[in-house]
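Throughout, numbering of the chain's residues begins at 1 and tracks the sequence. Here the structure is a predicted model, which means the values were calculated and not measured. Values below: all heavy atoms of this structure, side chains included; hydrogens, waters and symmetry mates excluded. As the structure lists them, so they are numbered: ligands from 1, and atoms in each ligand from 1.
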Amino acid sequence: MAAMTAALRILNEIFGYPAFRGQQAEVIAHVAGGGDALVLMPTGSGKSLCYQIPALLREGMAVVVSPLIALMHDQVAALAELGVRSAFLNSTLSGAEAAAVEARARRGELDLLYVAPERLMMGHCLALLAQCRLALIAIDEAHCVSQWGHDFRPEYLQLAVLNERFPGVPRVALTATADAQTRAEILERLGLGEARVFVSSFDRPNIRYRIVEKDDARRQVLDFIRAEHAGEAGIVYCLSRRKVDEVAAFLSSQGMTALPYHAGMDGEARRRHQERFQREDAVVMVATIAFGMGIDKPDVRFVAHLDLPKSVEGYYQETGRAGRDGLPADAWMAYGLQDVVQLRRMIDESQAGEAHKRIQAAKLDAMLGLCETAECRRVRLLGYFGEASAPCGNCDTCLDPPATFDGTEAAQQLISCVYRTGQRFGALHVIDVLRGEATAKVTSRGHEQLSTFGIGAVRSGREWRAIARQCIALGLLQVDHDAYGALKLTVESRAVLRGERRVSLRAWKEGRRIARSRAPREAMSPDNHSLFERLRAWRADAARSHGVPAYVIFHDATLAEIARTRPASLDALRGISGVGARKLDAYGADIVGLVVRHRAG
Ligand code: ADP
Ligand code: ZN
């Protein structure tokens, strides 16, 4: 276990952290001992250390394959701040710069080399690596080999070759995508049959999940950010490019720093926006899912969805970008029936084969089930990934449990109205008929003559929409794929109509209110808070002069602990999580000086 003593020393002295988290120690021991590994851990759990520490423990240089060119720069800068020798090779380097990196690698002057996959597979690069002593090969974002996922990268399929080219070099593949299918694909496609698989809990306890009924989405998200996250960084996801542009313009017009990001923008504008998001303190990125992988920012305080994601996997990955630093963060979503109709149509109109469409439809159903559940959201989410858990106390249904009622009669009314109108109309029309609204569409079809006309007048349109969504989520009705979102009966509908199946529904509640999660800065006393703000201002200067994002200098969590404990000496400062030897050298005197002056008033 000498290796583990050394590993712990590296963790304490270089990274400045007191203890390993979760399975880090086991993975590190296994890889440092020369074994292959597949590491499945949620975002923010500390996957990087699982290869960085073995890289320092083993002889030679570690190669890190990462698809995220934009990030390599920050990762290497962060390692430089810790005094670790690393570099990257990607298309942003000039010929001379790349040659200099290659020379350092050949001379054995690097502990870690980050390489983009397309670059790695070139003959030139493989030849370079053949001349170096390799400590290990890490394949980050390994789910990019999965052809079913939305992050598929064809270059990743070629990485299997590394096995033959560099036999005996341990390989570690890492991902935050948890489902069994992706896991199997990674093991197979990367030739990792012998690898030990490490699966962590996928829970992200600091994230508070909330799903609200969509009404005026732009206004709702504005209110949410204003009330709970003013001056903080966050991501707002929308389905279409057009909506991204609109929402970004709207939030900007309301005085926020909101930037759009989608695949329709030119590469330069996207790069600039991503960079501002990474580096500035309070940028709201409004984006399609094109903005995702590779957001390394630890202090994203909220992720908001203005449209229903297509799958629970996607939702979990997107919301997982919040709160990587472990401090309280929000995952907030507004969704409505129209989302379901729209996504069903997109699935149907896509060029994919029938088998693929069926998979997509099943994924959407699972997402819908999550939205409509009256149980703990986290129990549902983790259950989807095969993990059992108890109600969490940190989601909307736990914090404000929805009342349920016997909705059998309401469901029967809705289903029979769908049937009487010929299963050819969307929910809004069916609800008009139920409520006895003699709209032009209703009268032109003669639907005011139906026996179901007006039988549901006691309920509001909103209540009926909530009932319709739940009936769809429960499989009691389905949204027709090809008839403009018409509602149709299912086999289950008949059982309800015949009175053989009772239906429990969650009651629709006016203005559900959840206490806001406490932002890290609010949990502090005013005096600590003022020291915290001073430390942040100092950090902003330091980051600017080093040309790195602020969090690369110190995380908010580290500054908060300094503000709370007020270390008056370098020794006291050394004990704080996130303060390693190199940072103590570089910044210790500044910080202690600041604390001492603050104490003196
Ligand atoms: P992932 O790649 O799994 O999303 P990272 O490797 O970026 O996560 O780590 C997330 C954050 O947690 C980083 O800021 C990292 O420095 C911090 N971290 C990792 N391991 C530890 C640990 N043992 N103790 C404290 N902080 C840690
Ligand atoms: Zn819960």
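Of the protein's non-hydrogen atoms, the one nearest atom 14 (O) of ligand 1 is His555 CE1, 2.6 Å.
In this structure, the side chains of Ile14 and Ile10 come closer than 4.5 Å at one or more pairs of heavy atoms.
Residue Met41 does not touch ligand 1, judged by heavy-atom distances below 4.0 Å. Using a 4.0 Å cut-off between heavy atoms, Ser45 contacts ligand 1 through both its backbone and its side chain.
Aromatic rings of Tyr587 and Trp538 (six-membered ring for Trp) have centroids within the 6.0 Å cut-off, being under it. Separation of the Tyr114 and His73 ring centroids does not fall under the 6.0 Å cut-off. Proximity of the aromatic rings of Tyr384 and Tyr316 is defined here by a centroid distance below 6.0 angstrom, and this criterion is not met.
Put simply, the angle at the Zn ion (ligand 2) from SG in Cys392 to SG in Cys376 is close to 100°, to the nearest 10°.
Nearest to atom 12 (O) of ligand 1 by heavy atom, out of Arg21, Arg321, Gln24, is Arg21. Among Tyr17, Tyr51, Phe20, the residue whose heavy atom sits closest to atom 21 (C) of ligand 1 is Tyr17. Of the candidates Ser577, Ala19, Gly46, Gly578, the one placing a heavy atom closest to atom 23 (N) of ligand 1 is Ala19.
Counting the atoms of ligand 1 from 1 in the order shown, those under 4.0 Å from a heavy atom of Pro42 are 3 (O). Taking a cut-off of under 4.0 Å to the non-hydrogen atoms of Arg324, the atoms of ligand 1 that pass are 1 (P), 2 (O), 4 (O), 7 (O), 8 (O). When each atom of ligand 1 is checked for a heavy atom of Ser48 under 4.0 Å away, the hits are 2 (O), 5 (P), 6 (O), 7 (O). Remark: ligand 1 atoms within the under-4.0 Å shell around heavy atoms of Thr43 are 4 (O).
Side chains of Asp299 and His555: no donor on one and acceptor on the other come within 3.5 Å. Donor-acceptor pairing under 3.5 Å is recorded for the side chains of Arg321 and Tyr237.
Residues Asp585 and Arg582 are not paired through a salt bridge, judged by the lack of any N-O separation under 4.0 Å between the basic side chain and the carboxylate.
Between Leu49 and ligand 1, no pair of N/O atoms sits closer than 3.5 Å. Where the criterion is an N or O separation shorter than 3.5 Å, residue side chain and backbone included, Leu11 fails it with respect to ligand 1.
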Step by step, would you call Tyr261 with His273 a ring-ring contact (aromatic ring centres under 6.0 Å, His included)?
CA-CA 7 Å; Tyr261 188 105; His273 289 182; 7.7 Å; no
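The closest approach between a heavy atom of Gly44 and any atom of ligand 1 is below 4.0 Å.
Among Glu213, Glu372, Lys214, the one residue that satisfies the side-chain hydrogen bond (donor to acceptor under 3.5 Å, both in side chains) test with Tyr335 is Glu372.
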